[in-house]
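Below: the structure, in structure tokens.
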Amino acid sequence: MSGLSGVLIVLITIFLPPVGVFMVAGCGADLLVNICLTLLGFLPGHIHAFYIEYVYFDRRDQAREGRFAAKPAPAVYSERVQTGGQGYGTMAQGHA
């Protein structure tokens, strides 16, 4: 089911980049940056949205494998994206 959600987010991002960023990062600085970039030009909005989604899905896969990125990704302000959604609102897996 995870692959299907990723494909759905990419399809949504193709048509509306801010909606794709909202689905991954929520309402915050990343969404505001993406809205501004999309208003300046559709291509910059797409590049930023796909970068945010790449970081999110890459960090999520790393966390599932037990590897965690040592440094935060540049130009990503959402903690949810930085951690790949792990530990967002709940305790991280493996810690009891």
(message) Taking Leu43 as the starting point, is it possible to reach Val10 by hopping between hydrophobic residues whose side chains are less than 4.5 Å apart?
(response) no
(request) Hey, could you give me each pair passing side chain to side chain donor-acceptor pair (under 3.5 Å) that has a residue in residues 20-35? Not counting sequence neighbours. (result) Asn34-Thr38, Asn34-His48
(message) Other residues, nucleotides and ligands only: do more than 12 of their heavy atoms fall within 6.0 Å of CZ on Phe50?
(response) yes
(message) Ignoring hydrogens, what is the shortest heavy-atom contact between Ser78 and Ala25? Give both atom names and the distance.
(response) OG-O, 3.5 Å
(request) Find the distance between CG (Leu8) and OG1 (Thr13) and round it off to the nearest 0.5 Å. (result) 9.0 Å
(request) Determine whether Tyr51 and Pro74 make a side-chain contact, defined as any pair of heavy atoms from C-beta on separated by less than 4.5 Å. (result) yes
(request) Please check if Leu37 and Val21 belong to a single hydrophobic cluster, counting links between Ile, Leu, Val, Met, Phe, Trp and Tyr side chain heavy atoms closer than 4.5 Å. (result) no
(message) If I compare all heavy atoms of Ala75 with all of Ile52, which pair ends up nearest, and what's the gap?
(response) O-CD1, 4.3 Å
(request) Compare every heavy atom of Pro44 with every heavy atom of Gly41, then report the nearest pair and how far apart it is. (result) O-CD, 3.0 Å
(message) Ignoring hydrogens, what is the shortest heavy-atom contact between Pro17 and Gly45? Give both atom names and the distance.
(response) CB-O, 3.6 Å
(message) Assigning hydrophobic clusters by single linkage (Ile, Leu, Val, Met, Phe, Trp, Tyr; side-chain heavy-atom cutoff under 4.5 Å), is Met23 placed with Ile47?
(response) no
(message) Which residues pass the ring pair (Phe, Tyr, Trp, His ring centres under 6.0 Å) test with Phe42, not counting sequence neighbours?
(response) His46
(message) Using the rule given for side-chain contact (heavy atoms from CB on, under 4.5 Å), can you reason through Leu32 versus Tyr77, listing the C-alpha separation, both sets of side-chain angles and the distance that settles it, and then say yes or no?
(response) CA-CA 11 Å; Leu32 181 64; Tyr77 304 105; over 6 Å; no
(message) For the CD atom of Glu53 and the CD1 atom of Ile12, what is their distance to the nearest 0.5 Å?
(response) 9.0 Å
(message) Would you say that more than 12 heavy atoms from the other residues, nucleotides or ligands in this model lie under 6.0 Å from the CZ of Phe22, or not?
(response) no
(request) Drop me the distance from Phe57's CZ to Ile9's CD1, to the nearest 0.5 angstrom. (result) 4.0 Å
(request) Nearest 0.5 Å please: distance from the CD atom of Gln82 over to the OH atom of Tyr56. (result) 13.0 Å
(message) Quick check for you: to the nearest 0.5 Å, what is the distance between Arg80 atom CZ and Arg59 atom CZ?
(response) 15.0 Å
(request) With sequence neighbours excluded, tell me which residues meet side-chain contact (heavy atoms from CB on, under 4.5 Å) with Ile35. (result) Pro18, Leu31, Leu39
